[in-house]
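Working notes, beginning with the structure itself.
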Amino acid sequence: VSTKFMKNIPLTFDHALSAIKFRSGFDESITVSSIQITNIKDSGTYTIGEGWKSQDGNQTFTITFDGGKTVQPGGMITDDGTGDVLFMIPQTFDENSEAEVILTYNTDQTIKTSLKSARWEEGRMITYTLHKEIQANTSQMVYFDLAAGNVAISSSGYSGKIYTNGTV
């Protein structure tokens with residue numbers, strides 16, 4: 001553009017990829033070792049004005065944090081100014097998809113989540129919040145006090161001195 005033009009030139013920039021980021025959903029600080037995204041299409045043909053076609057592949061992508069990365073509750077695991085964002089080919093995951101995200105944290109703990117029914121659209125930023133699912137303890141602990149007398153166990157129940165979840 002000539003320097004004599006002297007007007008702003010509006011530019012529209014649409015990215016051809018999807019930006020994938022991760023946030024901690026933990027209630028406590030964690031130290032993240034790595035994040036993997038498995039079974040992802042890693043090749044295709046992009047035509048300007050037409051978009052992506054002929055997507056193929058089955059690749060695993062990994063972000064590794066040497067020595068671990070401490071992340072505060074609710075903090076960003078990626079895209080916190082360090083440039084660790086995954087730019088991926090836009091794709092849709094159906095109910096049969098085996099794609100998943102694997103978070104390794106606190107040295108040797110892992111959580112996995114499926115990407116079934118997810119959709120990565122061209123030019124979009126997608127943030128996944130990763131957390132442990134807390135499950136209610138629905139099992140009952142039954143203790144028999146043999147020092148208090150005989151205990152009988154049958155298909156219809158128990159008899160004797162029995163504690164269920166710590167109560168008689």
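Side chains included, hydrogens not; waters and symmetry mates left out as well; all remaining heavy atoms used.
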Salt bridge Asp84-Lys69, side-chain N to carboxylate O under 4.0 Å: yes
Taking every non-hydrogen atom, the tightest pair across Glu121 and Ser18: O-OG, 2.7 Å
Test ring pair (Phe, Tyr, Trp, His ring centres under 6.0 Å) applied to Phe61 - qualifying residues, sequence neighbours left out: none
Cluster overlap Phe22 with Val85, hydrophobic side-chain contacts below 4.5 Å: no
Parallel, tilted or perpendicular: ring planes of Trp52 versus Tyr46, cut at 30 and 60 degrees: tilted
Derivation and outcome, salt bridge (charged side-chain N to carboxylate O under 4.0 Å, His left out), residues Arg124 and Glu122: CA-CA 6 Å; Arg124 302 274 188 200; Glu122 189 175 309; over 6 Å; no
Derivation of the side chain to side chain contact (heavy atoms under 4.5 Å, CB included) call for Thr127 and Met76: CA-CA 9 Å; Thr127 302; Met76 292 301 292; 4.1 Å; yes
CA sep, side-chain torsions, deciding dist, call: Tyr128, Ile20, side chain to side chain contact (heavy atoms under 4.5 Å, CB included): CA-CA 8 Å; Tyr128 289 100; Ile20 309 300; 4.0 Å; yes
Closest contact, heavy atoms only, Ser24 versus Ile30: OG-CD1, 4.1 Å
Can you give the donor-acceptor pairs under 3.5 Å from side chains of residues 101-111 to other protein atoms, not counting sequence neighbours?
residue	atom	partner	partner atom	Å
Tyr105	OH	Gln109	OE1	3.1
Asn106	OD1	Thr31	N	2.9

Option among Ile89, Thr60, Asn58, Leu115 that satisfies the side chain to side chain contact (heavy atoms under 4.5 Å, CB included) test with Ile40: Leu115
Side chain to side chain donor-acceptor pair (under 3.5 Å) involving Glu28 - partner list, sequence neighbours excluded: none
Residue pairs passing the side-chain hydrogen bond (donor to acceptor under 3.5 Å, both in side chains) test where at least one lies in residues 86-101, sequence neighbours excluded: Glu95-Ser117
Closest non-hydrogen atom pair between Ser34 and Thr62, with its separation: CB-CG2, 4.2 Å
Single hit among Ile77, Thr78, Ile63 for side chain to side chain contact (heavy atoms under 4.5 Å, CB included) with Val32: Ile77
Residue pair Lys21 / Asp79: nearest heavy atoms and the distance that separates them: CD-OD2, 2.9 Å
Contacts of type ring pair (Phe, Tyr, Trp, His ring centres under 6.0 Å), residue His131, not counting sequence neighbours: none
Residue pairs passing the salt bridge (charged side-chain N to carboxylate O under 4.0 Å, His left out) test where at least one lies in residues 53-67, sequence neighbours excluded: Glu50-Lys53
Non-hydrogen atoms of Ser43 and Gly57 that approach each other most closely: OG-N, 4.4 Å
